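Within every chain, numbering begins at 1; the chains are lettered A, B, ... in the order of the sequence lines, protein sequences first and strands thereafter. Given the structure is predicted, the values throughout are model-derived calculations rather than measurements.
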Amino acid sequence: MSRLAIEAAWPTMAAAFLASLVEWLESVSILVLAPAKHRRRQVLLGSCLSLILFFALTGALTATVWCISPDLVQLVLGTLLLLFGLRLLREAVLRAAGVSDANEGEAGWARAMSRLRWHARNGAASTDRIALASVITLLMPKVAAVSFLITEIGAAGGAVLPPAAGASGALFIAIPVGLAVQRWPAPRLRRGLELLSGAWLAGLGTFWSGKGIGASWLGDEAAVMPLVAGFIGMGLILIPLARSRVSGMI
Amino acid sequence: MAWLTTIIDGVIGLFVTDANFAAAIFAWLTGGWLCLRMFHVPPTAEGILLAAGFALLLAENVERTARERRP
């Protein structure tokens with residue numbers, strides 16, 4: 001790969017890597033922390049079904065967006081990326097400020113596990129099927145998120161390989177880390193990754209949706225990194241502001 | 001079918017958790033598109049104004065959410 005191609009591809013690769021890492025780490029935690037009696041068959045089956053859906057969804061979405069006009073793709077997928085990025089950045093800020101629950105993912109997992117225990121206690125015919133449904137229900141949104149990210153970043157940026165490589169790299173890091181740590185990602189790590197990936201996706205989304213409506217950018221592609229830096233700075237400024245608002249200091 | 005609803009909610013939740021925030025982003029983008037066609041905006045300012053608007057929307061939403069959730 002030439003130096004120019006790497007320079008053009010690395011912002012999209014890094015965006016997909018950072019955003020996927022959060023989702024993959026939580027997905028591995030869901031599988032690793034599943035109750036021992038359901039761990040083998042149901043968890044493996046749930047993971048396989050989720051992976052099949054991941055490849056099917058990514059393939060179908062990529063094939064679909066490649067059939068639509070590039071300008072429309074840039075506008076629509078740029079807007080979706082912007083929504084995704086700003087939502088992630090907003091949540092990271094609210095969690096860091098103590099406004100939102102910092103362990104929302106873990107709480108969702110705990111709710112699913114307590115539902116499973118309740119069914120087991122009340123003599124449900126097959127807790128294995130409920131365990132499988134729980135694993136799939138928890139994994140699907142994460143798998144869909146990574147799938148959408150690869151397609152959106154790839155289609156809006158004009159090349160699907162860099163975001164796919166970024167997401168794959170994140171998976172290869174998340175699996176050994178998840179297996180070694182055997183617990184949910186620490187809230188501080190999760191918030192940091194969410195803030196960084198949210199700002200990155202918001203920067204890319206702003207750039208591409210702007211291009212989609214016909215706005216010109218100073219320095220063209222070079223405007224992406226200042227946008228990302230601006231959103232990171234904005235997030236860091238907003239954390240103390242939100243903290244003071246929720247504590248009633250201002 | 002509850003699991004399907006949960007999955008669909010999860011997928012929509014990837015993009016929208018606060019409907020007002022998402023609507024404001026759409027409104028700013030649509031407003032930007034209209035302004036570009038109706039008024040003369042200096043090309044150097046187009047992107048900056050668009051990004052500044054999104055940053056302000058984020059700031060307003062975070063501030064309002066924090067105020068509303070004050071114990």
Side-chain angles (χ1 to χ4, degrees), chain A residues 75 78-84 86-91 93-94 97-100 108 112 133-134 136-138 140-142 144-145 148-149 202-203 205-207 209-219 223 226-227 230-231 233-235 237-239 241-248 250, chain B residues 1-39 41-71:
Chain A
L75 176 63
T79 309
L80 283 177
L81 261 188
L82 179 67
L83 287 173
F84 193 108
L86 285 177
R87 196 261 313 161
L88 214 55
L89 187 57
R90 172 184 180 270
E91 280 176 12
V93 168
L94 292 175
V99 179
S100 290
S134 303
I136 292 175
T137 309
L138 289 167
M140 280 308 171
K142 302 194 181 306
F148 279 128
L149 278 170
T206 303
F207 179 76
S209 59
K211 284 209 124 190
I213 62 165
S216 33
W217 292 98
L218 207 60
L227 281 172
F231 278 115
M234 193 72 192
I237 291 170
L238 287 175
I239 293 170
L241 176 87
R243 201 174 283 146
S244 59
R245 279 284 190 271
V246 80
S247 63
I250 302 177
Chain B
M1 290 305 275
W3 61 274
L4 190 63
T5 317
T6 312
I7 292 170
I8 292 170
D9 283 350
V11 172
I12 293 171
L14 295 175
F15 304 100
V16 181
T17 42
D18 182 330
N20 289 332
F21 186 43
I25 293 169
F26 271 123
W28 183 251
L29 197 62
T30 311
W33 178 76
L34 284 173
C35 283
L36 283 174
R37 266 139 200 85
M38 291 167 69
F39 307 108
V41 184
T44 47
E46 288 173 0
I48 297 168
L49 285 173
L50 190 71
F54 292 136
L56 283 175
L57 288 177
L58 174 70
E60 188 279 332
N61 185 275
V62 165
E63 194 273 339
R64 186 164 41 84
T65 309
R67 204 160 16 88
E68 283 170 2
R69 293 191 195 167
R70 188 184 292 176

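- Between Arg245(A) and Ala66(B), the shortest heavy-atom distance links the atoms CB-CB, 3.7 Å.
- Taking each heavy atom of Ala59(B) and Met234(A) in turn, the nearest pair found is CB-CE, 3.5 Å.
- Proximity to chain B involves both the backbone and the side chain of Leu86(A), based on heavy atoms less than 4.5 angstrom apart.
- A side-chain contact (heavy atoms from CB on, under 4.5 Å) with Val62(B) is found for one member of Leu238(A), Ile239(A), Ile237(A), Leu89(A) and no other, namely Leu238(A).
- Taking the salt bridge (charged side-chain N to carboxylate O under 4.0 Å, His left out) definition, one finds that Glu60(B) meets it with Arg64(B), sequence neighbours left out.
- To the nearest 0.5 Å, the span separating CG on Leu58(B) from CZ on Arg90(A) amounts to 8.5 Å.
- The ring of Phe54(B) has its center no closer than 6.0 angstrom to the ring center of Phe231(A).
- When heavy atoms are compared at a cutoff of 4.5 Å, Leu80(A) approaches chain B by way of both its backbone and its side chain.
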Donor-acceptor pairs under 3.5 angstrom involving side-chain atoms of residues 19-32 of chain B: please list them, not counting sequence neighbours.
{"residue": "Trp28(B)", "atom": "NE1", "partner": "Leu50(B)", "partner atom": "O", "Å": "3.0"}
{"residue": "Thr30(B)", "atom": "OG1", "partner": "Phe26(B)", "partner atom": "O", "Å": "2.7"}

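- How far CZ of Phe15(B) is from CG of Leu83(A): 8.0 Å, rounded to the nearest 0.5 Å.
- Side-chain contact check for Arg87(A) versus Val16(B): every heavy-atom pair is 4.5 Å or farther apart.
- Note that CG of Leu36(B) is 7.5 Å distant from OG of Ser216(A), once rounded to the nearest 0.5 Å.
- A distance of 8.5 Å separates OG of Ser244(A) from CD of Glu63(B), quoted to the nearest 0.5 Å.
- Per-residue heavy-atom pair counts under 4.5 Å with chain B were compared for Val93(A), Leu82(A), Leu81(A), Leu75(A), and the maximum is reached by Leu82(A).
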